[in-house]
> 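Here's a structure for you.
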Amino acid sequence: MSTVAAEEMDKQEKEREEQDMPQQEGQEEASGEPSAGEEEKAAKSDKKEKKKKDKKQDALKEKVEELEDRVKRQMAEFDNFRKRTEKEKTAMFETGAKSVIEKILPVVDNFERGLASVPEEEKDGAIAQGMQMIYKQLMTELENLDVKPIPAVGEEFNPEFHNAVMQTESEEFESGMIAQELQKGYTYRDSVVRHSMVAVVE
């Protein structure tokens with residue numbers, strides 16, 4: 001083989017190698033496979049992001065729990081306030097009602113004294129009948145308000161309901177029993193508004 005032919009073959013071979021090199025480089029770039037170092041960096045980055053997300057979620061969860069606890073406490077406080085207010089309102093109403101009833105009872109006493117002093121022959125008269133009707137109406141309204149007279153004569157003395165102002169002898173009642181009622185007592189919703197003034201058998 002001549003020298004010229006050998007040089008020509010070397011030249012062609014070099015050209016082929018140069019053409020193949022860019023293709024190989026392009027294939028390496030096109031494959032895009034990350035190196036081991038890049039994979040490690042990506043893994044670390046993912047871990048950091050996950051930690052950040054976890055911290056944010058924990059912080060949000062803690063805040064939500066704190067707000068829920070605060071709301072529950074405020075609701076409990078409001079419920080206690082409502083109950084206390086209702087209780088105070090009821091107590092104020094009871095006190096006011098008792099005060100009014102105490103002022104009405106002397107009027108009832110005067111009606112009873114007036115009716116008791118009417119002579120027998122005048123009981124059918126217009127005035128006596130009018131007084132009786134007003135007295136009945138007054139007692140009906142008091143009863144509707146749950147105001148009731150305290151039983152006295154013939155009952156055993158009870159300091160919770162009766163006020164003993166004197167002792168007396170009696171053939172009808174035993175010792176410790178009430179023989180006479182000097183002033184009628186009343187209760188309002190099972191609490192005493194005015195004690196009965198009574199005479200107790202010795």
Side-chain angles (χ1 to χ4, degrees), residues 63-202:
K63 190 72 177 175
V64 168
E65 286 175 357
E66 184 185 335
L67 289 170
E68 283 179 350
D69 184 58
R70 193 183 299 175
V71 169
K72 283 177 184 176
R73 276 191 276 111
Q74 285 180 345
M75 286 177 71
E77 284 174 10
F78 178 75
D79 192 48
N80 290 334
F81 170 76
R82 182 179 57 78
K83 287 176 181 176
R84 188 170 62 250
T85 304
E86 285 178 2
K87 197 173 180 180
E88 287 173 359
K89 190 166 68 174
T90 303
M92 286 173 67
F93 178 80
E94 296 287 321
T95 303
K98 277 186 177 182
S99 178
V100 172
I101 292 162
E102 283 173 1
K103 288 177 173 65
I104 292 173
L105 291 181
V107 178
V108 175
D109 294 338
N110 288 332
F111 262 108
E112 289 175 347
R113 289 192 196 100
L115 289 169
S117 65
V118 175
E120 195 66 35
E121 62 274 11
E122 294 180 15
K123 283 188 177 179
D124 292 331
I127 294 174
Q129 287 294 317
M131 283 179 66
Q132 186 69 36
M133 286 173 68
I134 295 168
Y135 172 73
K136 279 183 179 178
Q137 185 181 7
L138 181 59
M139 294 307 293
T140 300
E141 291 304 322
L142 287 173
E143 192 174 341
N144 290 338
L145 292 170
D146 211 9
V147 178
K148 298 174 184 176
I150 296 171
V153 177
E155 298 287 324
E156 187 176 355
F157 175 75
N158 185 343
E160 289 184 11
F161 299 103
H162 309 123
N163 181 19
V165 294
M166 60 182 288
Q167 288 186 319
T168 185
E169 294 180 357
S170 175
E171 294 179 0
E172 187 179 355
F173 301 108
E174 297 177 0
S175 177
M177 303 293 285
I178 297 169
Q180 188 181 357
E181 183 180 56
L182 305 172
Q183 187 182 58
K184 197 178 284 185
Y186 291 88
T187 58
Y188 169 64
R189 293 186 179 176
D190 299 325
S191 63
V192 176
V193 177
R194 186 176 76 182
H195 289 77
S196 297
M197 292 175 64
V198 296
V200 182
V201 178
E202 292 179 307

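None of the values given here were measured: they were computed from a predicted structure.
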> Kindly give the heavy-atom pair with the smallest separation between Asn110 and Arg113, and that separation in Å.
OD1-NH1, 3.0 Å
> Please table the atom pairs, donor to acceptor, closer than 3.5 Å between any side-chain atom in residues 126-149 and protein atoms at least two apart or in another chain.
{"unit_1": "Gln129", "atom_1": "NE2", "unit_2": "Lys123", "atom_2": "O", "d": "3.0"}
{"unit_1": "Tyr135", "atom_1": "OH", "unit_2": "Glu112", "atom_2": "OE2", "d": "2.6"}
{"unit_1": "Thr140", "atom_1": "OG1", "unit_2": "Lys136", "atom_2": "O", "d": "2.8"}
{"unit_1": "Asn144", "atom_1": "ND2", "unit_2": "Thr140", "atom_2": "O", "d": "3.3"}

> CD/Glu94 to OG/Ser191 distance, rounded to the nearest 0.5 angstrom?
6.5 Å
> Roughly how far, to the nearest 0.5 Å, is CE of Met92 from OG1 of Thr85?
11.0 Å
> Starting at CD of Glu102, measure out to OH of Tyr186 and round the result to the nearest 0.5 Å.
13.5 Å
> Scan Asp109, Thr187, Asn163 and name whichever one has a side chain to side chain donor-acceptor pair (under 3.5 Å) with Arg194.
Asp109
> Using a 3.5 Å cut-off and no angle test, enumerate the donor-acceptor pairs between side-chain atoms of residues 165-182 and protein atoms at least two apart in sequence or in another chain.
{"unit_1": "Ser170", "atom_1": "OG", "unit_2": "Glu172", "atom_2": "N", "d": "3.1"}
{"unit_1": "Ser170", "atom_1": "OG", "unit_2": "Phe173", "atom_2": "N", "d": "3.1"}
{"unit_1": "Ser175", "atom_1": "OG", "unit_2": "Glu202", "atom_2": "O", "d": "2.9"}

> Please tabulate, for the side chains in residues 150-159, all donor-acceptor contacts under 3.5 angstrom to protein atoms that are two or more places apart in sequence or on a different chain.
{"unit_1": "Asn158", "atom_1": "OD1", "unit_2": "Glu160", "atom_2": "N", "d": "3.0"}

> Could you check whether Glu66 pairs with Arg70 (Lys NZ or Arg NE/NH1/NH2 to Asp/Glu carboxylate O, under 4.0 Å)?
yes
> Would you compute the distance between atom NZ of Lys89 and atom CZ of Phe93 and round it to the nearest 0.5 angstrom?
11.0 Å
> Is there side-chain contact between Arg73 and Asp69, with at least one heavy-atom pair below 4.5 Å?
yes
> Salt bridge check, Glu86 against Arg82: does any charged N sit closer than 4.0 Å to a carboxylate O?
yes
